[in-house]
Amino acid sequence: MTEESVTRYTTCPLCEATCGLQVELEGTEVVKVRGDADDVFSRGFICPKGASLGELHSDPDRLETPMIRRDGELVPASWDEAFAEIDRRLAPIRESGDRNATAVYLGNPNAHTLDGTIYLRAMIKAIGTRNIFSATSVDQLPKQISCALMFGSGLSLPIPDIDRTDYMLILGANPLASNGSLMTAPDFRGRLKAIRDRGGRVVVIDPRRTRTAEVADEHHPIRPGRDAHFLAGVVHTLVDEGLVDLDGDWTANVASAEHLGEAVAPFAPEAVAAACGIPAEEVRRIAREIAAAPTAAVYARIGTTTQEFGTLASWLVDVINAITGNLDSPGGVMFPLAAAGQTNSTGGPGRGRGFELGRWGSRVRELPEAFGELPVSCLAEEITTPGEGQIRALVTVAGNPLLSTPNSGQLREAFDSLDLLVSIDCYLNETTSRADVVLPVLSPLERSHYDLAFYQLSVRNIANFSPAMLPPNPEIEPEWRTMLRMTGLVAGAGPDADIDVLDDMVALEMARRETVTEGSPANGMEPEEVVSALGERRGPDRILDLMLRCGAYGAGIAGRPGRGNGTQLSLDVLERNPHGIDLGPLQPRLPEMLRTASGKVELCPPALLADLDRLAEAMTADRDDFVLIGRRDLRSNNSWMHNLPHLARGKTRCTMHVNPRDAERLGLTEGGDAAVSSRAGALVVPVEVTDSIMEGVVSIPHGWGHDVEGTKLGVAGRQPGVNSNILADDQLVDALSGNAVLNGIPVEVTPA
Ligand SMILES: Nc1nc2c(c(=O)[nH]1)N[C@H]1C(S)=C(S)[C@@H](COP(=O)(O)OP(=O)(O)OC[C@H]3O[C@@H](n4cnc5c(=O)[nH]c(N)nc54)[C@H](O)[C@@H]3O)O[C@H]1N2
Ligand SMILES: Nc1nc2c(c(=O)[nH]1)N[C@H]1C(S)=C(S)[C@@H](COP(=O)(O)OP(=O)(O)OC[C@H]3O[C@@H](n4cnc5c(=O)[nH]c(N)nc54)[C@H](O)[C@@H]3O)O[C@H]1N2
Ligand code: SF4
Ligand SMILES: [Mo]
């Protein structure tokens, strides 16, 4: 007898676009996944990854029990055995008293789960280490630093008001493949098309003619790593040609605009043209068009952050937005007002403690701390260099650093020298297969979901909660419980700490913060009173309810009115709205959202001005023959979705793109192999000759290289590809942020 089919709704947790999905179930089997036509934000949009959520759920390679290494082999074990093993092996490290000897690496999916966004903090605090690493420093760290310096907190990123803008300049992003990042917007293609349909203009700056470039009005190839030169040339033009008024109305909330003209003086378009490869007259024309457009938004993403001048480029983007009157203004770039968990809408408005970069440095290379983390480019040396603070144990959560971070060859050797590697993950992949203990997690369909992070980066204000649609697999602990059990363990409370007690402690701490926060409905209450008002819920749902009730649209708590005018959000309300609640288009938020010490937008932070000398020097530096960049394609998700049959289908996507003229010069042929080497390593990769990439640049996607012994990735192993981060150099970082340079790596290329 076939079971009756039911329809459930959830928000896709795979990328930043937060699409609503409609899932058809028969029993616990996923029959079909479609876009949810009634979702208030995505209105039916879906991509091939979202459609594969059923395959992910039923992937036979997904781990269902903990694994422990016995006599060199990973074997299934019970949860009690796994935690006892971690406790036993961590004991000598804990007893040494060197808290920095235990490190953590946090991967990208943590930003997409309630468990990661709420419970990791407790575990990290209990470890008490400075050796905290994450995917942030191979990604958006420079943008977070420039924005924290300008606006006072690390998630205060101006988001393009794509649905109202008249002109959009896109650098180093390919949202038609990535579905967008640091800009949550389902259906980028539709939204970009709408700009053109209403008479606006879309301009793309990218070394490759991407799918996004193909739907734009203009595409300009740029020499990798030289966006800051181009952008400084634009700022120079705006100032030089009197297209902006440095004392204009827009300066009401802005400090230090007067330093800008002098700062960009060396970067006239004629001076930067050779460095960036975009002719001076084009730089000027683009600057004039931004200034003339009724509204304009400059948006830059990973091609501009994971490069030599990532922080400067990130800053200059927002300088252009600000001085052309497009900061905090409809059709320009704006600050979302999220419903839950947003630092820049909590507490006293308009002023804060600001942000300090590099409160400490890494032990060996003194790379700067930022937001409590160290750059992952220095992880290997922190493991292999003896002395106090040397890393002996590492916990990875939702990460695959041996494929995702620089100099993978060196890092792999470093990992093999650890006393203990623990991984919390759903697969035995290139990293977790080297662990001593692996702890599995539930599938996305077995857990509740709310995008605490991405609604803070969204082009509309949205709130959408999805309860778990399937009962959790009883063999697998919910991830938040695993994190809490680890918390108890690293705190020295043994492997069997009472998780419910720890959960109450986390809830009490979150409540305590509300009780001392200006403007919170819980202000002045007792934390116990707040927690008991939240009722029967436990785990992340209870804490999310607290955040929603105390948030900007909140219903309040324990009879105390919330901050929501009209909208009265709580988890109950969101549960009654399975297609989400649209809280409207973005609204101006200056100066209320600022958390700088001055209470102003810091247009010219001293650390950034000081870095301009480095930019000026690079203007005349010798050019490398070949540099390597990356790329994404629609059916990948960093390193971890190559095991799903529907996404893995078709010809190999892990190829090196090379321009036909370069191919001819180097003797490379389509389908042949190229040998590529850098200071860090060497590999062999199939060649794809295409005029979509500019001369002097080759591109290999990251996240491949699945032919590693010990992994359990049956499908991915059949088309393994190569790991491009063998070539990424751990010594090449953006000097200001310590972020890895993954685009613009000098390489030598020959036929293999
Ligand atoms: N050369 C080059 N390198 C890059 C990039 C690039 O553009 N070029 N991009 C960088 C960027 S932007 C990023 S974000 C990083 C990503 O770097 P990582 O985060 O280290 O790598 P991912 O491939 O995202 O690995 C995610 C892991 O989480 C697991 N996982 C999935 N869902 C869950 C879950 O719910 N819980 C747990 N515990 N585990 C889960 C997956 O099995 C996988 O092992 O890579 C970076 N590396
Ligand atoms: N399908 C798919 N979607 C994803 C992911 C995935 O792996 N696959 N990963 C997710 C993650 S973690 C992230 S962070 C986002 C990233 O989202 P995006 O930033 O949109 O990432 P990409 O598609 O890699 O686009 C980066 C572009 O930068 C270009 N580029 C390289 N170097 C330079 C340079 O020096 N200057 C300029 N101007 N351009 C340059 C590349 O050619 C590429 O087209 O995508 C997310 N979405
Ligand atoms: S675009 Fe992103 S959020 Fe939307 S279905 Fe695809 S992976 Fe999921
Ligand atoms: Mo990322």
Side-chain angles (χ1 to χ4, degrees), residues 10-21 33-36 39 41-42 44-53 107-109 111-112 134-141 143 169-189 204-213 219-231 276-278 299-310 313 404 444 451 454 627-642 647 653 657 692-694 697 699 701-704 741-745:
T10 191
T11 304
C12 176
L14 297 174
C15 90
E16 298 179 38
T18 72
C19 300
L21 304 180
V33 183
R34 300 183 178 83
D36 173 10
D39 184 275
F41 197 17
S42 60
F45 180 81
I46 186 173
C47 86
K49 278 181 295 180
S52 303
L53 220 47
N108 168 275
H112 298 261
S134 84
T136 290
S137 53
V138 280
D139 191 349
Q140 80 288 355
L141 178 63
K143 185 73 193 173
L169 177 63
I170 301 176
L171 304 99
N174 185 13
L176 263 62
S178 70
N179 293 306
S181 178
L182 303 187
M183 180 175 178
T184 284
D187 189 13
F188 243 96
R189 178 190 286 276
V204 172
I205 312 273
D206 196 303
R208 301 185 307 118
R209 191 178 64 248
T210 59
R211 292 178 62 196
T212 307
H219 165 231
H220 301 269
I222 188 167
R223 196 177 147 208
R226 295 297 179 264
D227 296 81
H229 292 90
F230 164 77
L231 292 161
C276 68
I278 301 181
Y299 167 68
R301 207 33 205 106
I302 202 157
T304 67
T305 53
T306 51
Q307 55 141 292
E308 203 179 340
F309 299 104
S404 307
D451 279 296
F454 301 111
V627 291
L628 172 71
I629 63 171
R631 69 176 187 270
R632 281 173 167 72
D633 86 280
L634 196 56
R635 287 178 296 138
S636 285
N637 200 14
N638 296 320
S639 75
W640 71 280
M641 291 185 74
H642 299 146
L647 298 179
R653 285 169 276 153
H657 285 183
S692 66
I693 191 161
M694 68 192 282
V697 183
S699 162
H702 74 287
W704 297 88
V741 172
L742 304 172
N743 287 294
I745 302 162

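Atoms within a ligand are numbered from 1 in the order they appear, just like the ligands themselves.
- Near Arg301, with a cut-off below 4.0 Å to any heavy atom, the atoms of ligand 2 are 14 (S), 19 (O).
- Within the 3.5 Å criterion, the main-chain N or O of Gly630 finds a donor-acceptor partner in the side chain of Asn743.
- In this model, no donor atom of one side chain and acceptor atom of the other lie less than 3.5 Å apart for Asn637 and Arg632.
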Candidate pair Asp206 and Thr212, rule side-chain contact (heavy atoms from CB on, under 4.5 Å), full reasoning:
CA-CA 10 Å; Asp206 196 303; Thr212 307; over 6 Å; no

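- Atom 40 (C) of ligand 2 has as its closest protein heavy atom Pro207 CD, 3.2 Å.
- For ligand 2, the polar-atom distance check finds no N/O of Gly180 at less than 3.5 Å from any of the ligand's N/O atoms.
- At least one donor-acceptor pair under 3.5 Å links the side chain of His112 to the backbone N or O of Pro13.
- Nearest non-hydrogen protein atom to atom 12 (S) of ligand 2 is Asn638 ND2, 3.1 Å.
- Contact analysis puts Asp633 in contact with ligand 2, with a non-hydrogen atom separation below 4.0 angstrom.
- Note on ligand 2: Asp227 sits in its first shell, one or more heavy atoms being nearer than 4.0 Å.
- Side chain of Asp451 to backbone of Phe454: no donor-acceptor contact under 3.5 angstrom is found.
- Near Gly225, with a cut-off below 4.0 Å to any heavy atom, the atoms of ligand 2 are 34 (C), 35 (O).
- A pairwise comparison of heavy atoms in Phe188 and Gly180 identifies CE1-CA, 3.6 Å as the closest pair.
- Protein heavy atom in closest approach to atom 46 (C) of ligand 2: Ser178 O, 3.8 Å.
- Not one N or O of Leu171 is nearer than 3.5 Å to an N or O of ligand 2, by distance alone.
- Arg631 is not listed as a side-chain neighbour of Ile693, based on a closest heavy-atom distance of 4.5 Å or more.
- Put simply, CH2 on Trp704 and OG on Ser636 are 4.5 Å apart, with the number rounded to the nearest 0.5 Å.
- No donor-acceptor distance shorter than 3.5 angstrom exists from the side chain of His702 to the backbone of Ser404, with no hydrogens or angles considered.
- Checked by atom type and distance alone, the side chain of Thr305 never pairs as donor or acceptor with a backbone atom of Gly310 at under 3.5 Å.
- Residue-to-ligand polar distances place Arg208 within reach of ligand 2: an N/O pair is separated by less than 3.5 Å.
- For ligand 3, the atoms sitting less than 4.0 Å from at least one non-hydrogen atom of Thr18 are 3 (S), numbered in the order shown with element in parentheses.
- When only non-hydrogen protein atoms are considered, atom 6 (Fe) of ligand 3 lies nearest to Cys47 SG, 2.3 Å.
- A heavy-atom distance below 4.5 Å is not found between the side chains of Thr210 and Leu176.
- Ranking protein heavy atoms by distance to atom 22 (P) of ligand 2, first place goes to Arg632 CD, 3.7 Å.
- Here the SG atom belonging to Cys12 is positioned 9.0 Å from the CG atom belonging to Asn179, to the nearest 0.5 angstrom.
- When atom types are taken as modelled, the side chain of Thr306 and the backbone of Asp139 share no donor-acceptor pair closer than 3.5 angstrom.
- Between Ile205 and ligand 2, an N or O atom pair is found at a separation short of 3.5 Å.
- Within the listing of ligand 2, atoms 31 (C), 32 (N) sit less than 4.0 angstrom from a heavy atom of Asn743.
- Judged by the shortest distance from any of its heavy atoms, Gly744 lies outside the 4.0 Å radius around the atoms of ligand 2.
- Shown in contact with Ile222 at under 4.0 Å from a heavy atom are these atoms of ligand 2, numbered in order with element: 36 (N), 37 (C), 38 (N).
- Put simply, the side chain of Thr11 never gets that close to the backbone of Thr18: no donor and acceptor are under 3.5 Å apart.
- Between the side chain of Thr304 and the main chain of Arg301, a donor-acceptor pair closer than 3.5 Å is present.
- When only interatomic distances are considered, the shortest N/O to N/O separation between Asn174 and ligand 2 falls below 3.5 Å.
- Scanning all heavy atoms of the two residues, the minimum distance from Glu308 to Val741 falls at N-CG2, 3.7 Å.
- Of the N or O atoms in Ala177, one or more lie within a sub-3.5 Å distance of an N or O in ligand 2.
- For ligand 2 and Ile629, the ligand atoms under 4.0 Å from any heavy atom of the residue are 31 (C), 32 (N), 42 (O).
- Here is the list of ligand 2 atoms found below 4.0 Å of a heavy atom in Ser181: 14 (S), 15 (C), 16 (C), 17 (O).
- For atom 29 (C) of ligand 2, the closest non-hydrogen atom on the protein side is Asp206 OD2, 3.1 Å.
- Here the CZ-NE2 distance, from Arg208 to His657, works out to 7.0 Å after rounding to the nearest 0.5 Å.
- Residue contact annotation: Lys49 has a non-hydrogen atom under 4.0 Å from ligand 2.
- The ligand atoms of ligand 3 that sit less than 4.0 angstrom from a heavy atom of Leu14 are 7 (S).
- Atom 2 (Fe) of ligand 3 lies under 2.8 Å from an N, O or S atom belonging to Cys15.
- If you check which protein heavy atom lies closest to atom 21 (O) of ligand 2, you get Ile302 CG2, 3.4 Å.
- Every atom of ligand 2 with a heavy atom of Asp139 under 4.0 Å away is listed here by number and element: 14 (S).
- Heavy-atom contacts of Thr210 reach the following atoms of ligand 2: 44 (O) (cutoff under 4.0 Å).
- The protein non-hydrogen atom at the shortest distance from atom 8 (N) of ligand 2 is Ser636 O, 2.8 Å.
- His642 places no side-chain N or O within 3.5 Å of a backbone atom of Arg635 that could act as its donor or acceptor partner.
- The nearest protein atom to atom 34 (C) of ligand 2, hydrogens excluded, is given as Gly303 O, 3.2 Å; this is a heavy-atom distance.
- The single protein non-hydrogen atom nearest to atom 8 (Fe) of ligand 3 is Cys12 SG, 2.3 Å, given as residue, atom name and distance.
- Shortest contact from atom 4 (Fe) of ligand 3 to any protein heavy atom: Cys19 SG, 2.3 Å.
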